[in-house]
Amino acid sequence: MSYTKTLLVLLACFASLNLLFSQSDFEGLGETSFAINTDINNNYKVNFAIRSRYYLYQEDNFSFENRQLDFVHFSTLNLDYNHSVSFGIQYRIRESIDGGSNELRLTQQFNYTKKNEALRFGHRIRFEQRILENLTILRSRYRFALDFPLNGEKLDIGEAYFVGSMEALLSNSKHEKPELDHRTTTQLGWLVSEKIKLQFGVEYRFEAFNLNTEQKLFLLTSAILKI
Amino acid sequence: MFISQFVFSQTKNEKEERITKSEFPDAAIAVVNNLPENCKRLKFYKETDGNKQSFEVKFKHKRKRYSLEFSKDGVIEDLEVLTKFKTINEEKKSKIEGYFKSSFNKYKLIKVQKQFVYNEELGALTFVNDVLDNTSTEAPNFEIIAEVKTNKKRDIREFTFDESGIFVNFRILKPTSFEHVLY
């Protein structure tokens, strides 16, 4: 697929974004992350990431405001070539940025992928314990993802790829009603060199849609370094 | 230093890309044009590995997946058909299984293909049609991609077994650079 086509897809995303701006229960945010992946050995790999989230649009106004900063670590054990188990720990700094609660998050994850020629399907189940200052939230999530290179069946250096996913989330905590969320994500990535991947995309979230739906659009940018 | 640069430039030169039929070598286009009409979903690929170039057309015929490989000059190299391991002839199957069991602590088959190597005497048309009609007199090799575990090390290899199921060789496949975006 040509780069002009890729560009058109991105433009279409931004065009639809403009339409959504008329809603008042709507917020637009951006998330930028930088991640480092390392293979310790065949079976074990580690990931470190820094992620920043910021408001771009809230209360019917465009404005830039930092929201939080995440420090993330994941350890992944490959059970075989397409099954893996991961454990994650994340610290979120929010209090000194926008006044929200800081958070310690523990994650347990199971991932399964299935490849069919160029298409690859991924099923991911996560359990999270979000430990906030006055509250602990237990969250279960399931994500279905699909990815493929934009040219041929194999991703070569210099080529672009597409990643799309849908995720359902259920949050439980002691004093609040269970909350259901849904997220749809599309991203375009580019394998710049053997070690560097760049990704851009959008994520649309329906948060607490069983209670009082809030809609959020995220603009995602990330750089992934493999060493 | 020199070695590392060499390795790097090698990876850079390896490329598989989807192309159009018109970009195929002329001799290969002629073969493709003569494929039976019920060959569906034709897709054309070009592979570059250093200075070596090859071409491949993938298609479906009677619900089976084929891949026909050509050299740079458009001469057929082989025709591969995707199969299920359990459908292989018992005797050959047990030989192949025996090889895996005795050579590795653990193994898992990922992809199994029957490989018909091109026989020039037959000519392109007869060769392809015989395989598609299941009337080929040549017994195929078996090309098997499997994940194998030896001691603590695990890798994905492509094995070749001859027409009677005897191990011929293997090559280690590079773990794909296309990793799932887990985080």
Side-chain angles (χ1 to χ4, degrees), chain A residues 1 33 35 37 39 41-43 45 47-49 51 72-74 76 78 80-84 86 88 90 107 109 111-113 115 117-118 120-122 124 126 143 145 147-159 161 163 165 185 187 189 191 193-195 197 199 201 222 224 226, chain B residues 4-5 7-20 23 41 43-49 54-60 65-67 82 104-111 113 145-157 172-183:
Chain A
M1 197 191 279
S33 73
N37 291 319
D39 288 342
N41 60 37
N42 264 352
N43 304 322
K45 66 178 182 206
N47 163 278
F48 295 96
R51 198 163 52 204
V72 193
H73 163 72
F74 267 91
T76 300
N78 294 319
D80 59 22
Y81 74 100
N82 64 348
H83 295 85
S84 69
S86 310
Q90 169 187 321
T107 306
Q109 163 182 315
N111 196 62
Y112 164 71
T113 60
K115 203 163 184 282
E117 294 175 68
R120 190 166 58 160
F121 305 97
R124 185 183 81 181
R126 269 186 178 178
R143 184 188 77 173
D147 59 19
F148 54 88
L150 294 186
N151 189 331
E153 295 185 355
K154 196 178 122 231
L155 186 75
D156 301 304
I157 290 163
E159 284 182 359
Y161 57 94
V163 189
S165 69
T185 310
Q187 289 194 87
L191 185 68
S193 74
E194 214 177 335
K195 298 193 166 70
K197 273 190 288 199
Q199 285 180 190
S222 58
I224 301 146
K226 193 176 175 177
Chain B
S4 71
Q5 277 197 329
V7 169
F8 183 66
S9 64
Q10 265 214 326
T11 25
K12 269 219 119 159
N13 284 335
E14 197 178 302
K15 197 170 168 65
E16 171 255 21
E17 60 194 312
R18 181 112 181 244
I19 58 171
T20 59
E23 292 169 81
R41 295 211 263 149
K43 286 179 184 167
F44 301 88
Y45 300 89
K46 180 169 109 183
E47 272 172 56
T48 318
D49 189 355
S54 61
F55 294 87
E56 196 175 4
V57 55
K58 295 190 178 182
F59 57 88
K60 273 187 111 170
R65 282 211 185 99
Y66 292 87
S67 120
L82 194 71
F104 307 105
N105 297 346
K106 231 176 163 182
Y107 71 96
K108 193 170 167 184
L109 306 186
I110 298 172
K111 188 179 181 184
Q113 284 182 307
I145 297 177
E147 184 184 49
V148 293
K149 206 173 167 187
T150 42
N151 298 326
K152 283 253 145 170
K153 211 170 145 33
R154 184 162 61 190
D155 42 38
I156 295 179
R157 299 183 189 182
I172 295 182
L173 299 183
K174 252 179 261 159
T176 170
S177 44
F178 194 33
E179 279 179 357
H180 216 60
V181 198
L182 266 173
Y183 309 103

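In what follows, chains are A, B, ... by sequence order, proteins preceding strands, each numbered from 1.
Of the charged side-chain nitrogens involved, none lies within less than 4.0 Å of a carboxylate oxygen, so that B:Lys43 and A:Glu153 do not count as a salt-bridged pair.
Rounding to the nearest 0.5 angstrom, the gap separating the CD atom in B:Glu47 from the CG atom in A:Asp156 is 9.0 Å. For the atom pair OH of A:Tyr81 and CD1 of B:Ile145, the computed distance is 10.0 Å after rounding to the nearest 0.5 Å.
Contacts of B:Lys108 with chain A are made by side-chain atoms alone, with heavy-atom separations under 4.5 Å and no backbone atom involved. For B:Lys58, the part sitting under 4.5 Å from any heavy atom of chain A is the side chain, from C-beta outward, and nothing else.
Closest approach of A:Ile157 and B:Lys15 over heavy atoms only: O-NZ, 4.4 Å. The two residues A:Lys154 and B:Glu16 have their closest heavy-atom pair at N-OE1, 3.2 Å. Considering all non-hydrogen atoms of both residues, B:Glu147 and A:Asp80 come closest at OE1-CB, 3.1 Å.
Across A:Val72, A:Asn43, A:Thr107, the residue that shares the most heavy-atom pairs under 4.5 angstrom with chain B is A:Asn43.
Two residues are said to be in side-chain contact when any heavy atoms from C-beta on lie closer than 4.5 Å; B:Arg154 and A:Asn78 meet this criterion.
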